[in-house]
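Here's the structure we're looking at; comments come further down.
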Amino acid sequence: MIKTIHLTVNGRAVELGVDQRESLTDTLRNRLGLTSVKKGCEAGECGACTVLLDGKSVNSCIYLSVWADGHSILTVEGLTKENGELHPIQQAFVEEAAIQCGFCTPGLVMTGVEIANSGKTYTREELRELISGHLCRCTGYENILNALERVVGRKENGTL
Amino acid sequence: MGIGKEVKKIDAVQKVNGTAKFVEDMLPQGALHAKILHSTIANGLVKSIDCTEAWKVPGVQAIITCFDVPQTEYATAGHPLSLDPNHEDVKDRLILSRRVRFYGDEIAAVAATDPLSARKAVERIRVQYEEYAPLLTPEAAIGAQPLNPAYPTNELARLDFSIEGSEVTWGKASFATGARIAGRQDLVADHFYVPAVHGAHIETNGCFAYMDGPKMVVVTSNQVPFTARRNIANALEMPLGQVRVIKPYMGGGFGNKQDTLYEPIAALLCKKLGGKCVSLIMTREETFVCSRTRHAMDIFTSLEVDGEGRMKKRAIRINANGGAYAAHGHAITAYAVTNYFQTYAAEDVQIGESSTAYTNLPSAAALRGYGIPQLAFAMESQMDDLAVKLGMDPIALRRLNMMQNGFLDPFDHFVVKSCGLGDCVDKGEAAVNWSAKRAEYDAFNKTSKKIKKGLGMAIFSYKTGVYPLQIENAACRIILNEDGTAQIQVGATDLGQGSDTVFTQIASEILTIPEERLFLLSFQDTDHTPYDAGAYASRQTYVSGGAVKKAALLMKEKLLERAASIHGRQAGELTLRDGWIVEEKSGEPLASIAGVAAYMQYCNDHVLHTEHLTAEATYTCMSNTFAFGACFADVEVDVPLGKVKINRIVNVHDSGTILNPQLARAQVHGGIAMGVGYALGEQLLYDPNTGRMRNDNLLDYKIPTSMDVPPMETHFVETYEPTGPFGNKALGEPPLIPQAPAIRNAVLHATGVSIRSLPMSPQNLVAAFIEAGLINEDE
Amino acid sequence: MYDIKETYRAHSIEEALALLEGHPGAVLVNGGTDVMIRMKEGKLTDAVLISIMDVPEIIGISLRENGDIAIGAGTCFQDIYHNEVIRGAVPALAHAANQVGSPQIRHVATIGGNLCNGAVSADSVPILLAMNAELELAGAQGTRRVALTQFHTGPGKTVLQKGRELLTTIVIPKEEYAGRYGSYIKFGQRNAMEIATLGAAVCLKLQANKTRLEDIRIAFSVAGPTPLRCAKTEAALKGMALTGDMVKALRQGVIQEVQPRDSWRASKQLRLQLVKELGERALRQAAEEAGGTIHD
């Protein structure tokens with residue numbers, strides 16, 4: 001059955017008719033063309049579909065679109081400014097070669113944005129835990145951690 | 001910029017802002033969705049299929065079953081065509097299988113308006129089977145009822161030989177599992193076992209097919225589009241030119257996307273539906289079960305040294321579990337068995353035996369390392385066990401015996417012209433402070449019971465490309481634009497490793513056009529891009545890079561010649577510098593590349609005929625070379641929990657000249673993580689009664705998370721390989737080879753327990769420690 | 001696309017109970033991280049889902065007047081992990097909350113869902129069991145209170161009357177946390193994204209001079225058909241001095257009380273080894289939290 005939902009997607013109010021059986025991943029990809037939201041497992045195990053729901057990272061593949069009614073969604077498409085300037089997290093991923101195949105990248109960037117939005121700094125070990133809901137098979141996470149450290153890093157002794 | 005520089009990946013921005021399109025992102029509106037009916041038995045025959053109920057599901061558009069498919073068997077492996085019929089890939093696959101060979105075999109397919117309807121229809125198909133007992137191991141399968149009538153013993157192939165000096169004598173042994181290799185009393189082997197594992201790239205395998213007039217267009221996440229085109233054309237009994245394969249951005253492949261999988265099914269459904277677009281995106285579960293795995297292998301090794309530790313006798317037997325379909329046949333096992341005599345050689349006796357069996361498990365094929373991770377685990381574990389027995393330092397034992405520059409490969413008959421293996425060992429040894437650290441841990445382990453510390457290492461050698469076993473060729477086309485920018489087209493595929501970036505650097509190096517003015521087409525399209533065998537065998541910069549170099553040199557030559565004619569000079573006096581044609585000696589600028597390009601394309605006179613400057617070249621690589629490396633692992637073993645914590649891991653590689661250090665390091669990081677997974681946790685688990693895969697998901701199949709990988713150190717020993725386009729050699733696959741044995745040897749150092757099978761999971765380690773008396777409740 | 005027949009959203013406990021009554025076979029769902037997987041696996045088909053994520057009464061953590069801690073069943077793990085009341089009074093529960101799934105899962109998965117699934121591996125259960133937590137179940141006839149120790153009846157089974165009841169609150173009575181110290185150790189092959197191979201929790205109270213156990217509770221997950229307590233070992237350890245003998249008594253006792261099985265995820269041999277070893281480690285950790293020193 002089609003239900004009408006209202007949500008804010010990448011800063012814009014959207015009214016949508018969605019099939020109530022749809023995952024948020026499907027709605028974002030198929031109805032709104034936001035194909036940065038990737039499907040790697042559709043079971044909440046790989047993190048490729050991660051978007052921010054009211055600022056918090058969630059696996060959109062195991063979240064129904066009808067549940068998102070009234071909420072705010074941010075995807076990677078919502079980060080790039082009109083002049084093409086990248087978000088500092090995105091820029092750090094580019095600089096640190098934190099991208100290989102790029103399939104896990106949008107989801108990891110969103111978690112990175114969530115981390116950056118906290119306004120806090122983190123040690124490498126803390127960052128490891130914060131991104132542990134994303135599987136990446138190409139990078140060994142090493143350069144992803146380097147990229148995040150560039151933006152929100154803190155050494156064990158408290159210095160940046 | 002050019003080679004040797006840390007040029008940013010040319011596709012980094014589109015991948016970080018979400019605009020890079022992968023297969024499923026390109027699916028047109030209104031495409032149909034197909035789902036597969038998988039067999040629920042591992043071995044048997046489909047007697048009948050009833051689709052009556054399935055057709056009643058609203059939205060169903062087409063159903064095909066194993067009774068409806070063309071009866072031409074085709075190969076799935078992603079190899080170039082072999083003109084030698086003896087080296088052709090085995091053709092043993094139909095689009096859908098009546099003769100079921102593994103649990104999950106494809107026996108019917110449904111296309112519907114949405115995935116859920118397709119799935120519901122599939123669930124309503126009724127199948128009657130004639131069921132046979134599943135044959136899950138080589139021991140069970142060989143000599144049992146044949147899975148493929150063309151191979152009556154279920155032994156797909158063997159490779160048996162002995163080597164004297166550098167002469168190989170081919171023989172023919174028979175399948176054996178005993179400890180004595182070649183039945184000889186003096187060759188008593190230790191037994192190692194490595195399980196099947198999976199590539200687990202984050203983008204699942206997937207494709208869609210539609211017809212454009214008479215043309216069948218297949219968009220697929222495939223590493224070898226030209227071979228995929230051949231396999232699809234064979235399967236559908238279509239002429240090659242009528243099939244067009246497009247490869248968009250690819251979410252990892254690691255060899256698993258080298259085989260043709262569901263492309264023929266999607267194409268056949270599409271054809272049945274008059275050309276409507278049909279998508280077939282594998283679920284994660286299907287990717288685990290129905291794509292390809294790394295071979296499980298039983299490896300028996302025997303090694304005898306003299307009083308000083310020099311190798312005298314060296315023998316190996318590998319029994320590989322090939323699974324349901326031949327895929328790469330015996331190639332992977334052959335790679336493994338021969339490498340045993342390449343990394344080290346013995347003076348007196350060298351005997352190799354190997355077998356690949358058809359079984360009722362998912363098909364094994366290419367996966368990063370192509371047989372060498374399995375071999376390295378056995379070979380390098382054996383080295384440390386022997387070092388313990390001899391009371392020798394494991395590094396010293398290796399130094400005495402490992403491959404040196406000038407080695408003549410007995411199998412492929414090439415001479416090693418660059419070998420940094422010794423330097424890799426030296427560099428790693430210094431980085432981890434080997435002797436002092438080993439002594440420190442020995443002292444620590446004397447008093448610490450629950451926590452044990454160890455330092456281990458392992459080495460490897462790995463060939464670059466597949467010459468002379470197969471043709472190694474690649475083509476590149478460079479198209480110069482009137483403003484001095486250029487398009488580069490290659491058939492080689494970037495699956496994330498960064499080859500597109502390195503190709504751009506190579507062109508930039510020669511043409512002196514900066515990378516940001518060169519535009520490489522990342523989507524391979526068999527109708528547009530020139531031929532390339534594709535991404536495998538770590539051949540991209542060595543072979544395809546050679547094609548880019550050759551095309552760029554051709555373009556350079558054309559530019560100099562055209563500039564010379566326009567300006568009345570001799571081409572031999574000229575060269576390229578910073579985007580200009582200059583007089584070589586004086587550096588005097590003659591014309592910009594843009595100027596020459598524009599003039600040649602648009603001049604309107606009677607002297608020069610206009611010319612759109614393009615350069616296309618096919619490079620045939622008639623050489624091979626070894627890349628080398630070593631891994632050093634510093635571990636802490638929590639004995640009662642069977643848990644290994646890697647404190648530090650150091651990889652040192654000789655991959656020749658490094659063309660992009662930042663991307664090279666990144667490639668090593670990924671390899672380390674994959675190697676750590678192979679060492680400590682990954683294995684595909686099957687129900688021993690039914691052959692059904694148990695852990696076909698990313699929760700139960702344990703690829704490392706960010707909290708499971710150690711801090712990584714990467715070093716390079718830059719040798720110059722004269723056969724490489726710029727002195728470079730393989731780097732794609734080598735990084736994951738040495739971790740498992742290095743970690744295993746560190747566990748040996750820490751605990752004294754000789755682990756002989758992977759993975760070193762808590763499950764297996766606790767069992768081993770209990771057996772060794774390290775865990776003992778009565779103490 | 002999930003195999004769903006209908007979805008509803010309740011905004012109060014009453015509405016949720018009424019929807020349940022009106023739709024036999026309907027399933028309550030909050031974060032959905034387990035229910036969605038069941039649909040994906042085909043274990044739940046043609047589902048009628050009643051979402052209770054908008055029921056404010058069951059969300060949040062409070063300290064009741066009598067000092068009991070009340071955790072709304074609809075509170076997500078991330079909020080439990082960061083909650084000051086929990087971190088202050090039962091830090092082991094905060095730690096356990098942070099062991100569930102992944103960060104993304106913890107943002108939506110709720111403690112109530114974790115309990116009501118009846119999973120033998122639920123990360124929130126061992127420490128709550130060891131703390132004698134109680135559950136408030138709302139039904140048409142009012143609310144009943146059940147001890148968590150009585151809640152699980154079998155794999156995936158609980159005393160909750162599905163279709164008629166709703167878990168609203170998890171209560172940790174004041175006397176069960178004041179002066180007590182706990183620990184939870186999850187064991188998985190990986191260090192993240194894991195389902196527990198085994199979980200061990202200990203909650204203990206030391207005598208005033210901190211050299212003897214006054215009281216101890218020991219709980220395990222994945223060590224039997226339900227999460228379980230080791231009552232005999234607890235009784236045997238009570239009053240013991242903090243010595244190696246106490247540790248040994250725990251190791252020897254607990255393996256008598258658990259019934260782990262062989263499964264493809266882990267062997268009985270491994271689980272028995274983990275029961276002993278994690279039991280000991282959880283004990284040591286809790287004793288240290290309590291300010292005690294174990295003299296081996």
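The shown structure was predicted, so the numbers you read here are calculated from the model rather than taken from an experiment. To find a chain, count down the sequence lines: A is the first, B the second, and so on, and within it residues start at 1. Hydrogens, waters and symmetry mates play no part in the numbers below; they use all other heavy atoms, side chains included.
With a 4.5 Å cut-off on non-hydrogen atoms, A:Ala43 does not touch chain B at all. Contact of B:Ala666 with chain A is made through backbone and side chain together, with heavy-atom distances under 4.5 Å. Contacts of B:Ile202 with chain A are made by both backbone and side-chain atoms, with heavy-atom separations under 4.5 Å. In this structure, chain B has heavy atoms under 4.5 Å from both the backbone and the side chain of A:Val94. Heavy atoms of B:Met250 lying under 4.5 Å from chain A belong exclusively to its backbone. With a threshold of 4.5 angstrom between heavy atoms, B:Glu24 approaches chain A through its backbone and through its side chain. The parts of A:Ser132 that come within reach of chain B are both its backbone and its side chain, each placing non-hydrogen atoms under 4.5 angstrom from that chain. Proximity to chain B is absent for every atom of A:Leu79, based on heavy atoms less than 4.5 angstrom apart. For a residue to count as touching a neighbouring chain, one of its non-hydrogen atoms must lie under 4.5 Å from one of that chain's; by this rule B:Leu116 touches chain A with the side chain only. With a 4.5 Å cut-off on non-hydrogen atoms, A:Phe103 touches chain B through its backbone and its side chain both. Interface remark: B:Gln667 contributes backbone and side-chain atoms alike to the contact with chain A (heavy atom separation under 4.5 Å). Interface remark: B:Asp494 contributes no atoms to any contact with chain A (heavy atom separation under 4.5 Å).
When the candidates A:Glu95, A:His87, A:Glu42 are compared by the number of heavy-atom contacts under 4.5 Å with chain B, A:Glu95 comes out ahead. Per-residue counts of heavy-atom pairs under 4.5 Å with chain B were compared for A:Ile144, A:Thr80, A:Ile89, A:Ile131; the largest is that of A:Ile131. Your options are B:Gly677, B:Ala200, B:Gly252, and the one with the most heavy-atom pairs under 4.5 Å with chain A is B:Ala200. The residue among B:Pro704, B:Ser706, B:Gly18 with the most heavy atom pairs within less than 4.5 Å of chain A is B:Ser706. Per-residue heavy-atom pair counts under 4.5 Å with chain B were compared for A:Arg29, A:Glu96, A:Arg21, and the maximum is reached by A:Arg29. No other option in B:Lys21, B:Lys9, B:Glu6 has as many heavy-atom pairs under 4.5 Å with chain A as B:Lys9. The greatest number of non-hydrogen atom pairs below 4.5 Å with chain A, out of B:Ala673, B:Ala20, B:Gly251, B:Pro711, is found for B:Gly251. Ranked by heavy-atom pairs under 4.5 Å with chain B, the list A:Cys104, A:Pro106, A:Gly40, A:Gly33 is led by A:Gly40.
Atom OH of A:Tyr141 is separated from atom CG of B:Asp708 by 8.0 Å, given to the nearest 0.5 angstrom. The CD atom of B:Gln662 sits 6.5 Å away from atom CG of A:Asn143, with the distance rounded to the nearest 0.5 Å. Here NE2 of B:His198 is found 9.5 Å from CZ of A:Arg137. Values are rounded to the nearest 0.5 Å. Atoms CG and SG, on B:Asn697 and A:Cys46 in that order, are 11.5 Å from each other to the nearest 0.5 Å.
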Just do the side chain to side chain contact (heavy atoms under 4.5 Å, CB included) check on A:Glu77 and B:Thr19 with the steps written out, would you? CA-CA 8 Å; A:Glu77 287 89 343; B:Thr19 52; over 6 Å; no
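Between A:Lys38 and B:Asp25 there is a side-chain heavy-atom pair separated by less than 4.5 Å. The side-chain heavy atoms of B:Asn17 and A:Gln90, taken from C-beta on, include a pair separated by under 4.5 Å. With a 4.5 Å cut-off on side-chain heavy atoms, B:Phe254 and A:Cys138 count as touching. Between A:Thr139 and B:His669, every side-chain heavy-atom pair lies at or beyond the 4.5 Å cut-off.
In this structure, the side-chain contact (heavy atoms from CB on, under 4.5 Å) partners of B:Pro710, at least two apart in sequence or on a different chain, are B:Ile646, B:Ile649, B:Val676. Partners of A:Glu149 by side-chain contact (heavy atoms from CB on, under 4.5 Å), not counting sequence neighbours, listed by chain and number: A:Arg124, A:Leu127, A:Asn146.
Annotation for A:Ala97 and B:Leu663: closest pair CB-CD2, 4.1 Å, computed over non-hydrogen atoms. Minimum heavy-atom separation, A:Thr105 to B:Lys15: CG2-O, 3.7 Å.
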